Amino acid sequence: MSRIKIFDSTLRDGNHAVRHQIGKESIEDYCLAMDGTGVHTVIVGHGNGLGASSLQVGLSLLNERTMLQTARKSLEKTKLGIYMIPGFGTIRDNLEPAIADGVEVFEIGCHCTEADTTRQHIEYLRKLGKETYGVLMMSHMASPERLLEECQKMQSYGAMGVILMDSAGAFTLEMVKRVISTLYEGLDICVGFHPHNNMGIAVANAYMAVSEGAAIIDGTLRGFGAGAGNCQLEDLVALLEKSGIKTGIDFYRMLDASENVMPGIMEKDMGQDPISIVSGQAGVFSAFKIHVLKAAKEFHVDPRDILVELGRRKAVGGQEDMIVEVAEKLSRAGNMGSTDNVTYQLGSLL
């Protein structure tokens with residue numbers, strides 16, 4: 001049996017890439033194609049998780065119960081999972097209905113220094129015997145030692161594992177090595193990693209994480225996700241298997257899903273365009289990309305300057321209003337960077 005669990009967030013993180021507009025038929029087709037392939041769980045929902053559908057971060061095409069019930073009917077062998085950030089979602093309004101809809105795996109996330117906010121939710125789920133993992137977002141913003149402290153809190157709440165999200169695609173290989181090894185040595189529960197691909201090294205970072213003891217990799221088919229996208233699971237599985245690390249994945253079935261289902265869900269191929277690269281270098285939440293491009297066009301400023309300023313301010317998910325504030329400030333200051341590329345980018349995204 002493989003020591004590596006693959007979590008598939010294609011129908012959650014991928015929702016960012018299509019403005020949370022993944023439809024019912026796509027969920028059905030994807031779950032049927034991936035069921036029984038060996039992935040541990042298929043995570044479904046709004047890009048920011050349960051309860052996050054809103055004007056501020058984006059309205060889902062489908063309500064979350066419809067998404068979960070649709071996925072549940074199409075998954076027999078693979079577990080159904082969700083992601084939730086306390087503050088967006090609550091126990092009564094979101095977790096209880098998700099349990100009723102047959103969700104089996106729960107990821108409870110927060111900013112990387114705010115594990116305290118997850119205590120009530122993790123303890124609630126573990127008392128019910130649910131498979132529950134703590135998630136730290138924007139994890140490049142804290143030291144390995146601080147991340148260990150936050151993960152130890154989640155461990156004390158009963159989390160079965162902790163997953164670090166490289167939400168901005170800002171991790172280098174050396175950073176991954178240092179952080180994952182620190183957590184692996186300091187925790188009694190498993191460690192996971194969710195890389196983003198802003199600087200083109202998500203697969204390499206995932207491989208480094210596994211080499212340093214990570215037991216969970218959370219990624220997507222075709223790298224479908226916010227900004228430049230995620231760790232592409234097809235590439236990672238191929239690399240791990242070639243390196244002698246068994247994944248338990250039916251690789252050909254995964255490739256068939258990638259080839260036959262993903263083109264109907266994606267609007268464009270993922271990749272490292274200039275905006276995504278600057279976003280990773282500046283350490284800005286990948287899901288800000290579309291919002292930044294819109295603000296840049298509206299205020300006639302260079303989106304790269306917006307990203308650099310957001311990075312300087314250490315903006316995090318949920319602070320989308322700051323994007324407009326920064327763009328307006330840059331516009332008033334007379335920062336009139338070229339918007340030719342902005343128009344092109346928006347044309348391919350909207």
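Note that this is a predicted model, so its numbers are computed, not measured.
- Here the side chains of M208 and E212 are in contact, with some heavy-atom distance below 4.5 Å.
- Under a 3.5 Å cut-off, the side chain of R3 and the backbone N or O of A214 do form a donor-acceptor pair.
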side-chain contact (heavy atoms from CB on, under 4.5 Å) assessment of F299 paired with V324: CA-CA 9 Å; F299 291 97; V324 174; 3.8 Å; yes

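- Contact annotation: the side chain of I216 approaches that of C190 to within less than 4.5 Å [non-hydrogen atoms, C-beta and beyond].
- Comment: R72 engages E104 in a salt bridge, judged by a side-chain N to carboxylate O separation of less than 4.0 angstrom.
- Crowding of Q152 atom CD: a count of heavy atoms from other residues, nucleotides or ligands under 6.0 Å exceeding 12.
- The minimum heavy-atom distance between R253 and A33, with the atom names listed, is NH2-O, 2.9 Å.
- Here the side chain of Q69 pairs no donor or acceptor atom with the backbone of D101 at under 3.5 angstrom.
- L55 and V57 end up in different hydrophobic clusters when Ile, Leu, Val, Met, Phe, Trp and Tyr side chains are linked at under 4.5 Å.
- Atom CG of residue L136 and atom NE2 of residue H111 lie 9.5 Å apart, to the nearest 0.5 angstrom.
- Side-chain contact annotation: Y83 with S9, donor-acceptor N/O pair under 3.5 Å absent.
- A chain of hydrophobic side-chain contacts below 4.5 Å, direct or via other Ile, Leu, Val, Met, Phe, Trp or Tyr residues, connects L61 to L11.
- A donor-acceptor pair shorter than 3.5 Å can be found between the side chains of N198 and S286.
- Counting non-hydrogen atoms of other residues, nucleotides and ligands closer than 6.0 Å to CD of E259 gives a total of 12 or fewer.
- The aromatic rings of H20 and H46 lie parallel to each other, with less than 30° between the two planes, well short of the 60° mark.
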Walk me through whether I43 and E107 qualify under side-chain contact (heavy atoms from CB on, under 4.5 Å). CA-CA 9 Å; I43 300 169; E107 293 184 339; 3.3 Å; yes

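- Annotation: the span from L173 atom CG to I201 atom CD1 amounts to 5.0 Å, rounded to 0.5 Å.
- With rounding to the nearest 0.5 Å, the separation of CG in L75 from CG in L80 is 6.0 Å.
- L233 and L239 fall within a single hydrophobic cluster, where Ile, Leu, Val, Met, Phe, Trp and Tyr are joined by side-chain heavy atoms under 4.5 Å apart, directly or via other members.
- Atoms CG and CD, from L221 and Q232 in turn, are 8.0 Å apart once rounded to the nearest 0.5 Å.
- Electrostatic pairing of E150 and R146 counts as a salt bridge here, judged by a charged N lying under 4.0 Å from a carboxylate O.
- A donor-acceptor contact shorter than 3.5 Å links the side chain of Q155 to the backbone of D188.
- Using a 3.5 Å distance cut-off with no hydrogens or angles, the side chains of E131 and H40 do pair a donor with an acceptor.
- With rounding to the nearest 0.5 Å, the separation of CD1 in I85 from SG in C110 is 9.0 Å.
- L32 and M262 fall into different hydrophobic clusters, defined by Ile, Leu, Val, Met, Phe, Trp and Tyr side-chain heavy atoms under 4.5 Å apart, directly or through other members.
- Residues T118 and M154 meet the side-chain proximity criterion, which asks for heavy atoms closer than 4.5 Å.
- Side-chain contact check for D8 and Y30: at least one donor-acceptor pair (N or O, by modelled atom type) lies under 3.5 Å.
- Through side-chain heavy atoms spaced under 4.5 Å, either directly or across other Ile, Leu, Val, Met, Phe, Trp or Tyr residues, Y184 is tied to no other residue.
- Nearest approach of L59 to Q21, heavy atoms of both residues: O-NE2, 2.9 Å.
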Are E145 and T182 close enough, and set up right, to give a side-chain hydrogen bond (donor to acceptor under 3.5 Å, both in side chains), and what steps lead you there? CA-CA 7 Å; E145 294 74 23; T182 298; 5.3 Å; no

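- The residues K177 and E174 are annotated as not salt-bridged, no charged nitrogen and carboxylate oxygen being separated by less than 4.0 angstrom.
- With contacts defined as side-chain heavy-atom distances shorter than 4.5 Å, the pair R222/D269 qualifies.
- By the neighbour-count criterion of 12 heavy atoms within 6.0 Å, atom CD of E96 is densely surrounded, having more than that number from other residues, nucleotides or ligands.
- In terms of heavy atoms, E64 sits closest to N94 at OE2-ND2, 2.7 Å.
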Working for side-chain contact (heavy atoms from CB on, under 4.5 Å), residues R126 and M160: CA-CA 9 Å; R126 291 300 295 135; M160 298 169 65; 3.7 Å; yes

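- No option in I275, L293, L310 other than L310 meets the side-chain contact (heavy atoms from CB on, under 4.5 Å) test with F288.
- Nearest approach of M175 to A170, heavy atoms of both residues: SD-O, 3.9 Å.
- By the 4.0 Å N-to-carboxylate-O rule, R19 lies close enough to E267 to be salt-bridged with it.
- By the 4.5 Å heavy-atom criterion applied to side chains, I245 and Y207 are counted as neighbours.
- With contacts defined as side-chain heavy-atom distances shorter than 4.5 Å, the pair T90/L95 does not qualify.
- Distance alone, capped at 3.5 Å, is enough to place a donor-acceptor pair between the D13 side chain and the A226 backbone.
- Here the side chains of M138 and F285 are in contact, with some heavy-atom distance below 4.5 Å.
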Verify side-chain contact (heavy atoms from CB on, under 4.5 Å) between N15 and V18, making sure each step is shown before the conclusion. CA-CA 5 Å; N15 236 332; V18 291; 4.0 Å; yes

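- Considering only heavy atoms from C-beta on, F171 comes within 4.5 Å of V179 through its side chain.
- In terms of heavy-atom proximity, I22 sits nearest to L62 at O-CD1, 3.9 Å.
- A salt bridge does not link E123 to K127: none of the charged side-chain nitrogens sits closer than 4.0 Å to a carboxylate oxygen.
- Taking OG1 of T10 as the start and CD1 of I27 as the end, the distance is 12.0 Å to the nearest 0.5 Å.
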List the steps and the verdict of salt bridge (charged side-chain N to carboxylate O under 4.0 Å, His left out) for E309 and R313. CA-CA 6 Å; E309 177 61 18; R313 295 189 184 194; 2.9 Å; yes

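- The backbone N or O of G81 lies less than 3.5 Å from a partner atom in the side chain of T41, making a donor-acceptor pair.
- Nearest approach of M266 to K268, heavy atoms of both residues: CE-O, 3.2 Å.
- Residue D93 qualifies as enclosed at atom CG: its count of foreign heavy atoms under 6.0 Å is above 12.
- Every residue was checked against the side chain to side chain donor-acceptor pair (under 3.5 Å) condition with H140, not counting sequence neighbours, and none meets it.
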